[in-house]
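Order of listing sets the numbers, starting from 1, for every ligand and every atom in it.
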Amino acid sequence: MTKIAEITNTFFAYLKRPDLYPELRRKIWKNLFNRSSALRGKEEAEIWCKSNAISEKKFIEDVLKLSFVPFEILFPAEFAQALEEQSKTPVKMGGAGSLSVIYYINEFVKSQNSIETGVAYGWSSFAALASLVERNGTLYSSDMPYILQNQSEDFVGCVIPEKYKKNWKLFRFADKESLPKIFEDQNSFNVVHYDSDKTYDGRMWAYNILWDKLEKGGVFMSDDIGDNAAFKDYCEKNKRKPYIIEFDGKYAGVIIKE
Ligand SMILES: C[S@@+](CC[C@H](N)C(=O)[O-])C[C@H]1O[C@@H](n2cnc3c(N)ncnc32)[C@H](O)[C@@H]1O
């Protein structure tokens, strides 16, 4: 598809979805006046991540002080079923980060209420819920559909085991609309996992709001922090002490709220 065809198709796909008009307005504004936001400071962010990164095993064992068994080994049957569900989908959506880190941060704080942005197939939701269901806790998720893939909405969260879904609340809007709706239901969280709008400005907006909703002792996690300098700048400006975890050639940032 040419760039012009993609822009035209995206525009018409949004027009069919009045609930996503606010996001359409923001996308037009961003494309006209703020195109650099996706990759702002990428080079410095990558160097910073690389020089500070630790493995997921080291983070889980040395920082969380939990014994590390990879997520797929802890939940082999559910994991195999999830892979099968994903293979049956006709759509291509965003991939998963470190499922072990997500599972263990929920275990570490014995989370009762967790929030995540960005669901796609639902790998991160699966990992958080595997811990939350033990305490009958709740995962609140915000996810905007892939606008160019008509069917994608039918498959959002498709890898989440059915037995976990009673503990899951999904809000299908852009974060700027979803988050206020989630906060009407639940106003504070033990775990925050950010994995949706990866632009610099999108992250900064959400990081500030989500941090305020995180309880003391809670854990804040953001995926793909090497994409741009938002996480690095956020930590430096607010004097946060992050742990940077390398997984599959990408970096996740984690902050424990003192
Ligand atoms: C990388 S995928 C999420 C992957 C998921 N966390 C996992 O581990 O399997 C990113 C998701 O965020 C959604 N998304 C992107 N921008 C968004 C926004 N502004 N608000 C809400 N969701 C958004 C995408 O449609 C996609 O479903």
- Item | Min heavy-atom dist G95 to ligand 1 below 4.0 Å | yes

- Query: What residue and atom, counting heavy atoms only, is the protein's closest point to atom 24 (C) of ligand 1, and at what distance?
  - Reply: M144 O, 3.7 Å

- Message: For ligand 1 and H193, I'd like to know whether there is a polar contact (N/O to N/O, distance under 3.5 Å).
- Response: no

- Item | atom 7 (C) of ligand 1 - nearest protein heavy atom and its distance | S124 OG, 3.3 Å

- Message: Is it the case that the side chains of R240 and Y234 hold a donor-acceptor pair, with the cut-off being a distance below 3.5 Å and no angle test?
- Response: yes

- Task: Say whether A174, considering both its backbone and side-chain N or O atoms, lies within less than 3.5 Å of an N or O atom on ligand 1.
- Result: no

- Message: So, regarding D175 and ligand 1 (criterion: nitrogen or oxygen to nitrogen or oxygen, under 3.5 Å), is there a contact or not?
- Response: yes

- G118 heavy atoms within 4.0 Å reach ligand 1 at atoms 3 (C), 5 (C), 6 (N), 11 (C), 12 (O)

- Task: May I ask whether T117 has any heavy atom positioned less than 4.0 angstrom from an atom of ligand 1?
- Result: no

- Message: Can you tell me how the ring of F183 sits relative to the ring of F189, calling it parallel under 30°, perpendicular over 60° and tilted otherwise?
- Response: tilted

- Query: Parallel, tilted or perpendicular for W123 and F79, by the 30°/60° rule?
  - Reply: tilted

- Nearest to atom 10 (C) of ligand 1 by heavy atom, L20, V119, D195, T199: which? D195

- Message: Please list the nearest protein heavy atom to atom 13 (C) of ligand 1 with its residue and the distance rounded to 0.1 Å.
- Response: D143 OD1, 3.5 Å

- Message: Taking K198 first and then D224, would you say they form a salt bridge - that is, a charged N and a carboxylate O separated by under 4.0 Å?
- Response: yes

- Query: Using a distance-only test with no angle check, is there a side-chain donor-acceptor pair under 3.5 angstrom linking T199 and D201?
  - Reply: no

- Task: Evaluate the ring planes of F231 and F220, with Trp represented by its six-membered ring, and classify them as parallel (under 30°), tilted (30 to 60°) or perpendicular (over 60°).
- Result: parallel

- Query: Can you find a non-hydrogen atom of F173 under 4.0 Å from ligand 1?
  - Reply: yes

- Any luck finding a side-chain donor-acceptor pair between D233 and Y200 under 3.5 Å? yes

- Task: Would you mind running through ligand 1 and noting each atom that sits below 4.0 Å from a heavy atom of D197?
- Result: 16 (N), 17 (C), 19 (N)

- Message: Please check whether S196 reaches ligand 1 - meaning an N/O of the residue sits under 3.5 Å from an N/O of the ligand, judged on distance alone.
- Response: no

- Is the shortest N/O to N/O distance between K198 and ligand 1 below 3.5 Å? no

- Item | Lys/Arg N to Asp/Glu carboxylate O, K50 vs E46, below 4.0 Å | no

- Query: Does a side-chain heavy-atom distance below 4.5 Å link Y121 with T89?
  - Reply: yes

- How about E215 and N190: does a side-chain donor come under 3.5 Å of a side-chain acceptor? yes

- Item | D223, portion touching ligand 1 at heavy-atom distance under 4.0 Å | neither

- Message: Applying a heavy-atom cut-off of 4.0 Å, say which part of Y121 lies close to ligand 1: side chain, backbone, both or neither.
- Response: neither

